[in-house]
Amino acid sequence: MTESSTITATAPATAAPAFEVLPRDLSPYRQGNIGIDYVHRFESGRPGPHVLINALTHGNEFCGMVAAAHLLDTGVRPLVGTLTISFANVAAYETFDPARPFDSRQLVHNLNRVWSAEWLDGPEDSPELRRARELRPVVTAADHLLDIHSTSQDVEPFWVYPAFARNSAAALAIGRPAVHLVMPGGLGSGTPVIQHGHFGEPSGRGAGMVVECGQHFLQASADVAIDVTRRFLAHFGLMAHDAAAESPVAARRFELLQTVVIKTPEFRFVRPCVGFEVFAKGALIATDGADEIRAPCEDCTILMPARTTIVGREGVYLSRPLA
Ligand SMILES: [Zn+2]
């Protein structure tokens with residue numbers, strides 16, 4: 001990963017994606033060892049935390065798959081505590097089509113918005129809800145959770161986590177990536193896995209964090225995913241620290257102010273955006289039918305602008321830099 005002193009996007013919003021990493025056959029990983037497909041658990045036999053490394057919450061975010069397969073292929077075993085490795089939405093992953101590379105994010109529901117009792121115990125059904133119900137005890141059993149994601153645009157990697165001291169302490173100690181998006185009020189558009197159960201409680205016992213590793217299909221993103229996963233495990237004592245690991249970098253933190261959900265097919269940004277663009281207070285960022293989305297603060301920084309307009313999905317995240 002290359003660090004730069006300023007946050008910049010490296011590709012225009014309209015660029016066609018490069019496919020440096022493509023899906024691989026995950027059937028060798030299907031048979032887990034706790035009775036749930038694509039879930040593998042290793043006990044050290046020594047006291048210590050239970051850490052869950054979760055990949056493919058979104059089916060086209062391949063970096064997590066590379067990191068999870070790396071742990072399994074290299075035979076990583078925890079020095080203390082328990083290590084669980086899961087591939088979450090393999091059903092969506094298996095539908096990947098290079099002609100429509102963003103469609104395999106999910107089949108029906110966003111697997112990262114359904115982790116509330118309302119959805120998990122509710123009457124609806126879909127491949128994602130079935131999988132979330134299957135994975136629920138896996139998530140609940142973990143003390144610490146790293147949920148590995150990537151972004152549609154080629155932007156710098158960043159953490160995303162609820163604004164609890166235990167999360168920021170872990171992210172700062174792990175040291176990379178440098179950018180943190182902290183969520184004082186949660187995500188605001190559903191319940192992600194990092195807000196499920198004890199992970200979403202202010203008095204909760206462990207860290208629950210997303211790492212956004214870069215663009216979905218780039219090798220650099222897979223490299224970041226492996227590096228952050230190994231750092232996360234080392235931080236909690238499950239692995240030795242890599243002697244060759246690069247040193248931590250100064251953190252740059254942003255606070256999520258608002259998650260804008262797309263209301264109409266007319267949702268448009270005022271200019272092409274990839275993420276990390278900065279807007280002055282009151283400046284127009286996007287329009288959505290008759291609605292105007294304006295910067296609610298000075299130096300309003302946007303993250304994860306939608307590539308395409310899909311009503312009901314997130315349009316953009318509005319944040320402010322923290323001193
Ligand atoms: Zn994702």
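Numbering of ligands and ligand atoms starts at 1, following listing order.
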Worksheet item: Closest approach of I53 and I148, non-hydrogen atoms and distance?
Response: CG2-CD1, 3.8 Å

Worksheet, complete the sentence: Shortest non-hydrogen pair, V155 vs V274, comes out as CG1-O, 3.5 Å

Discussion item. Under 2.8 Å from the Zn ion (ligand 1), is there any N, O or S atom belonging to E212?
Written reply: no

Worksheet entry | Aromatic F42 / basic R77 pairing, under 6.0 angstrom, 45° off normal | yes

Worksheet, complete the sentence: Only one of V179, V182, L322 passes side-chain contact (heavy atoms from CB on, under 4.5 Å) with F254, and that residue is V179

Worksheet item: Name of the H58 N, O or S atom nearest the Zn ion (ligand 1)?
Response: ND1

Response to the item:
the Zn ion (ligand 1) -> H149, closest N, O or S atom is ND1

